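As the structure is a computational prediction, the values presented were derived from the model and not from experiment. Naming convention: chains lettered A, B, ... in sequence-line order (proteins, then strands); numbering from 1 in each chain.
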2 protein chains.
Amino acid sequence: MLEEIPDIVIGRLPIYLRALTNMAVNGEKLTTSSHELGERLGISSAQIRKDLSHFGEFGKQGTGYHINYLIEQLRQILHLDREWPVALIGAGHIGHALASYNGFQHRGFRIAWLFDNDPAKVGQMVGGLPIQPITEMVETLNREKTQMVVLAVPAAAAQEIADQLAQTYIRAILNYAPVHLNVPPHIHVRHNDPVIQMQRMTFYLDTSLAVGSR
Amino acid sequence: MLEEIPDIVIGRLPIYLRALTNMAVNGEKLTTSSHELGERLGISSAQIRKDLSHFGEFGKQGTGYHINYLIEQLRQILHLDREWPVALIGAGHIGHALASYNGFQHRGFRIAWLFDNDPAKVGQMVGGLPIQPITEMVETLNREKTQMVVLAVPAAAAQEIADQLAQTYIRAILNYAPVHLNVPPHIHVRHNDPVIQMQRMTFYLDTSLAVGSR
DNA sequence: TAGATTGTTAATCGATTAACAATC
DNA sequence: TAGATTGTTAATCGATTAACAATC
């Protein structure tokens with residue numbers, strides 16, 4: 001039934017995968033059901049079954065889903081049955097935190113290159129990786145046919161770098177800069193601006209308890 | 001028309017606000033239109049007008065929206081016309097990066113407290129803030145009536161802390177731990193797991209260029 | 001077998017878009 | 001005025017949910 005998968009469905013698969021992996025690690029059981037998974041995640045069981053049905057039939061009536069089998073299938077669907085090398089651009093606070101983060105390894109990614117435009121930083125090691133000059137970025141990415149970058153540079157520099165990335169094989173950008181990026185349609189962009197997430201929640205906060213009101 | 005605002009509409013308002021603020025800073029013009037704003041953001045002009053119409057009438061036929069006025073209105077709608085004190089929990093790599101991040105100040109937030117469970121870290125200064133023992137977290141949050149936290153602790157510790165937060169005035173959690181949190185319905189949770197964002201994009205990557213396939 | 005749970009269909013629900021009268 | 005753009009309505013589009021036959 002692989003025809004036209006809604007992106008919103010794709011967006012839930014990593015959530016399912018993460019929950020299933022946690023189940024597998026805790027390892028109480030070999031199987032789970034759409035009901036149990038949905039309960040954990042606050043998602044309806046019907047939605048989980050519908051989402052999975054876009055890709056095939058992974059369960060058994062009466063018993064549900066074999067956890068490890070479903071994990072393996074989701075990894076294949078999402079192309080996570082390999083390790084994606086990722087270039088990290090920007091060696092500031094966020095770049096340092098990401099380069100040192102050990103949560104990528106077992107989830108399909110490896111920070112393979114680290115670039116910064118500050119000559120004083122070039123050559124320094126961060127998370128076992130040498131900082132390379134940004135002037136070499138395009139050449140390196142093209143040579144390595146890299147498809148994904150994490151962009152952790154100041155807002156003012158982000159669009160210019162995105163323009164350079166458009167000249168490479170890059171097709172996915174995780175953008176930490178608090179600015180919208182304009183890119184050609186073949187490049188996917190996901191934004192990671194914590195303030196946007198926080199501002200989305202203040203709407204619901206109790207303003208009678210608010211401090212610092214002016 | 002303030003009756004039942006869809007959360008998906010709320011989610012776009014901070015995006016609009018960020019783009020408008022950038023426009024105001026660059027300061028070429030005093031007004032903009034739903035068409036211009038939508039073009040920048042890849043959103044239809046009709047959607048922008050519809051979203052705003054939930055809250056009032058902010059534009060003028062023929063001329064569009066006064067940028068600074070719309071910014072002010074959005075800030076009021078989102079309760080950003082004040083400074084929200086936020087507790088940061090976890091002083092690891094991410095906690096350090098966030099505590100040192102200077103992008104909160106002008107967007108409605110201030111990291112006011114920093115907690116960690118490592119006695120060796122307690123007392124150290126990070127981003128001008130002393131690390132406090134996690135054992136004092138609940139008491140401090142209750143005394144200060146804090147409503148928002150950023151949770152940057154290991155996955156294994158996140159749910160336990162969330163349970164403690166449920167005993168306080170906290171109503172919003174920005175969760176950096178790569179695990180789903182179960183919280184009472186009055187607490188809003190937004191997740192910030194970069195790997196989830198990255199895994200969502202690999203579906204679209206060119207697997208013929210993929211490295212490390214097994 | 002009896003109970004449980006899938007995959008799928010059809011109905012419902014909600015969000016987006018097109019179009020346009022109103023009007024600056 | 002003429003052109004531009006709003007706010008809103010109705011139509012369209014898409015996503016979620018309820019229900020159930022199939023079957024392990």
Problem set entry | Counterpart residues, salt bridge (Lys or Arg N to Asp or Glu O under 4.0 Å), relative to A:R40 (two or more places apart) | none
Seminar exercise, completed: Taken in chain and number order and not counting sequence neighbours, the residues that satisfy salt bridge (Lys or Arg N to Asp or Glu O under 4.0 Å) with B:K145 are none
Problem set entry | Set of side chain to side chain contact (heavy atoms under 4.5 Å, CB included) partners for A:K60, sequence neighbours left out | A:T63
Seminar exercise, completed: The side chain to side chain contact (heavy atoms under 4.5 Å, CB included) partners of B:D7 (sequence neighbours excluded) come to A:R200, A:Y204, B:I10, B:R190
Provide, to the nearest angstrom, the distance between the [atom1] atom belonging to [X] and the [atom2] atom belonging to [N].
X	N	atom1	atom2	result
B:E4	C:dC13	CD	C1'	14 Å
B:I8	C:dG14	CD1	P	13 Å
B:L70	D:dT6	CG	P	10 Å
A:Y69	C:dT6	OH	C1'	14 Å

Problem set entry | Presence of B:Y65 side-chain N/O under 4.0 Å of D:dA4 phosphate oxygens OP1/OP2 | no
Problem set entry | By ring-ring contact (aromatic ring centres under 6.0 Å, His included) - contacts of A:Y101 (at least two apart) | A:F104
Problem set entry | Listed partners of A:H191 passing ring-ring contact (aromatic ring centres under 6.0 Å, His included), at least two apart | A:H180
For this session: For B:G59 and for A:P6, find the nucleotide of DNA chain D with the closest heavy atom, then tell me which residue's nucleotide is more 5'.
Result: B:G59
Exercise. Where does the angle between the aromatic ring planes of B:F203 and A:F55 fall among parallel (under 30°), tilted (30 to 60°) and perpendicular (over 60°)?
Worked result: perpendicular
For this session: Within residues 30-52 of chain A, find the residues that approach DNA chain C with a heavy atom at under 4.0 Å, and present them sorted by residue number.
Result: A:S33, A:S34, A:R49, A:K50
Exercise. Listed in order of residue number, which residues of residues 11-25 of chain A have a non-hydrogen atom at under 4.0 Å from DNA chain C?
Worked result: none
Problem set entry | salt bridge (charged side-chain N to carboxylate O under 4.0 Å, His left out) pairs, two or more places apart, involving residues 9-26 of chain A | A:R12-A:D51, A:R18-B:D193
Problem set entry | Contact summary for A:S34 and A:Y65, nearest pair of heavy atoms | N-CE1, 3.9 Å
Exercise. Heavy-atom distance under 4.5 Å between the side chains of A:T146 and A:I170, does that happen here?
Worked result: yes
For this session: Say whether B:R49 and B:S45, considering side chains only, have a donor N or O and an acceptor N or O under 3.5 Å apart.
Result: yes
For this session: For A:N192 and B:N192, test the side chains for any donor-to-acceptor distance below 3.5 angstrom and give the result as yes or no.
Result: yes
For this session: Give DNA chain C the dot-bracket treatment, 5' to 3': Watson-Crick (N1-N3 with N6-O4 or O6-N4) or G-U (N1-O2, O6-N3) under 3.5 Å, [ ] crossing, | other strand.
Result: ..||||||||||||||||||||||
For residues 147-167 of chain B, tabulate all N or O donor-acceptor pairs below 3.5 Å that involve a side-chain atom, not counting sequence neighbours.
unit_1: B:Q147; atom_1: OE1; unit_2: A:D206; atom_2: N; d: 2.9
unit_1: B:Q147; atom_1: NE2; unit_2: A:D206; atom_2: O; d: 2.8
unit_1: B:Q159; atom_1: OE1; unit_2: B:N182; atom_2: N; d: 2.9
unit_1: B:Q159; atom_1: NE2; unit_2: B:D163; atom_2: OD1; d: 2.9
unit_1: B:Q159; atom_1: NE2; unit_2: B:N182; atom_2: O; d: 2.9

Can you pull every protein N or O that's under 3.5 Å from an N or O on nucleotides 21-24 of chain D?
unit_1: D:dT23; atom_1: O4'; unit_2: A:Q61; atom_2: NE2; d: 3.3
unit_1: D:dC24; atom_1: O4'; unit_2: A:Q61; atom_2: O; d: 3.4
unit_1: D:dC24; atom_1: O2; unit_2: A:Q61; atom_2: O; d: 3.3

